[in-house]
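What follows is a single structure, written as structure tokens, with notes after it.
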Amino acid sequence: MKISELGEFKLIEMIQAKAGLPSYPVVVGIGDDGAVMDVGPRTEVVTTTDMLIEGVHFKRETIPPYDLGYKSHAVNLSDIAAMGAAPVQSFLSVGLTGDTKLADVEEFVDGFLKAGNGVTLAGGDTVSSPSGWVISVTVMGLSPSGKVLRRNMAKAGENLWICGPVGDSAAGLSILLGDTKAGTPEDSDFLIKRHNRPEPMVRMGRILLETGLSNCAIDISDGLCQDLGHICKGSRVGAVIEVEKLPLSQPLLDLAEDNGKDPLQWALAGGEDYSLLFTVAPEKEDKLAALVEKEELDAVPVGRIVPEAGIRVTRDGETVEREEKQGWDHFASQRS
Ligand code: ADP
Ligand code: MG
């Protein structure tokens, strides 16, 4: 069997089955946004790693080196945010082609450091690549023991919140790929920036962990429905997304209208927004709403967790029919 028939997630399951359960002091292994190690006293280390491959995750013609450095770090910081931890140190490994300009690498590193916002770049590896850049980043963070936000902690009756944009990144990508054209240069720049320089929701994640307002989060890397699917599967619950509540930006709505596209497709299946999706018990929502306002966080309720399996999308209470398969799978033949 070829891995394209199996798909990315079944492949990870195969690796996970071979690896077995983690042994102490590793308390969370494969299967969440980051792994967790108990280092005591009352402290855990959260580690995450992600790769970006030229031609798969980016084209060097459509992303400046500074933005690529920024994004490489941001996508990893986003996984730390999804665990609620505080990022501390990063490792940067790069495979570069021999014709790469020194100035491009300098800009790449500047962008990487900027995204870190004070996180120490503590090591890495530098090698040559025969064709195309390869970027592998690891970020480690700290958290008080026993408090990390998990994918498997959602409970029926909780509400579903999003902190950050939904769909803007996919809309920006469609402009970069020439599939759409924005009405104004400002809208175009706004959406492309959302794609090339996503903001990791580190502050939101830390606030959720420190206040105990949520126990369950994931970052939206592969698409809202797909990543929500990971929460549902891990927590053995289902979910309802109320699309009228999704915080769709005006540039995204305008781009969709001008180009005859469905904005919901970008919002529900687009991916690479690196927003934070989390669950909150109804009795904690007033406190959360007050904090969101005080801290000027971009978080809104968008649905709820239900006991029945599956993800239902509704508009004003009516079910919206959607295609079954949505989101990013690395070995599927195309983005569906
Ligand atoms: P994310 O999108 O949050 O980075 P992924 O979907 O890439 O998460 O990975 C899901 C889980 O599987 C994570 O815990 C990740 O560490 C783990 N994982 C992915 N690939 C491998 C691998 N080759 N070996 C071990 N664990 C892996
Ligand atoms: Mg993640």
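Scope of the values below: all heavy atoms of this structure, side chains included, with no hydrogens, waters or symmetry mates. First listed ligand is number 1; within each ligand, the first listed atom is number 1.
- Qualifying ring pair (Phe, Tyr, Trp, His ring centres under 6.0 Å) partners for Tyr274, counting only residues two or more places apart in sequence or in other chains: none.
- Distances below 4.0 Å separate heavy atoms of Ser221 from the following atoms of ligand 1: 2 (O).
- Two residues are said to be in side-chain contact when any heavy atoms from C-beta on lie closer than 4.5 Å; Glu272 and His195 meet this criterion.
- Each of the atoms 22 (C), 23 (N), 24 (N), 25 (C) of ligand 1 lies under 4.0 Å from some heavy atom of Ile15.
- Residue Asp50 approaches ligand 1 through these ligand atoms, each under 4.0 Å from one of its heavy atoms: 4 (O).
- Here the side chains of Val39 and Pro25 are not in contact, with every heavy-atom distance at 4.5 Å or above.
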Show me, pair by pair, the donor-acceptor contacts under 3.5 angstrom made by side chains of residues 304-312, not counting sequence neighbours?
unit_1 : atom_1 : unit_2 : atom_2 : d
Arg304 : NH1    : Glu242 : OE2    : 3.2
Arg312 : NH1    : Thr319 : OG1    : 2.8

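- Among Asn259, Leu173, Asp258, the one residue that satisfies the side chain to side chain contact (heavy atoms under 4.5 Å, CB included) test with Thr180 is Asn259.
- Protein heavy atoms are found less than 4.0 angstrom from atom 23 (N) of ligand 1.
- Counted by atom type alone, Ser221 and Asp219 present zero donor-acceptor pairs between their side chains at under 3.5 Å.
- In terms of polar-atom proximity, defined here as any N/O pair under 3.5 Å, Arg151 does make such a contact with ligand 1.
- Residues forming a ring pair (Phe, Tyr, Trp, His ring centres under 6.0 Å) with Phe9 (at least two apart in sequence, or on another chain): His230.
- Between Val137 and Thr49, the closest heavy-atom pair is O-OG1, 3.0 Å.
- What sits closest to atom 11 (C) of ligand 1 on the protein, heavy atoms only, is Gly31 N, 3.7 Å.
- Residues Glu107 and Tyr70 have side chains that never bring a donor and an acceptor to within less than 3.5 angstrom of each other.
- Linking ILVMFWY side-chain heavy atoms closer than 4.5 Å, directly or via other members, places Leu297 and Leu276 in a single hydrophobic cluster.
- For atom 5 (P) of ligand 1, no protein heavy-atom neighbour is found at a distance under 4.0 Å.
- The closest side-chain heavy-atom distance from Trp133 to Thr100 is below 4.5 Å.
- Ile30 CD1, 3.6 Å is the protein heavy atom nearest to atom 25 (C) of ligand 1.
- Near the Mg ion (ligand 2), less than 2.8 Å away, sit the protein N, O or S atoms Asp33 OD1, Asp79 OD1, Asp219 OD1.
- Among all protein heavy atoms, the one lying closest to atom 12 (O) of ligand 1 is Ile12 CG2, 3.4 Å.
- Note on ligand 1: Met14 sits outside its first shell, no heavy atom being nearer than 4.0 Å.
- The protein atom (non-hydrogen) at minimum distance from atom 15 (C) of ligand 1 is Asp32 O, 4.5 Å.
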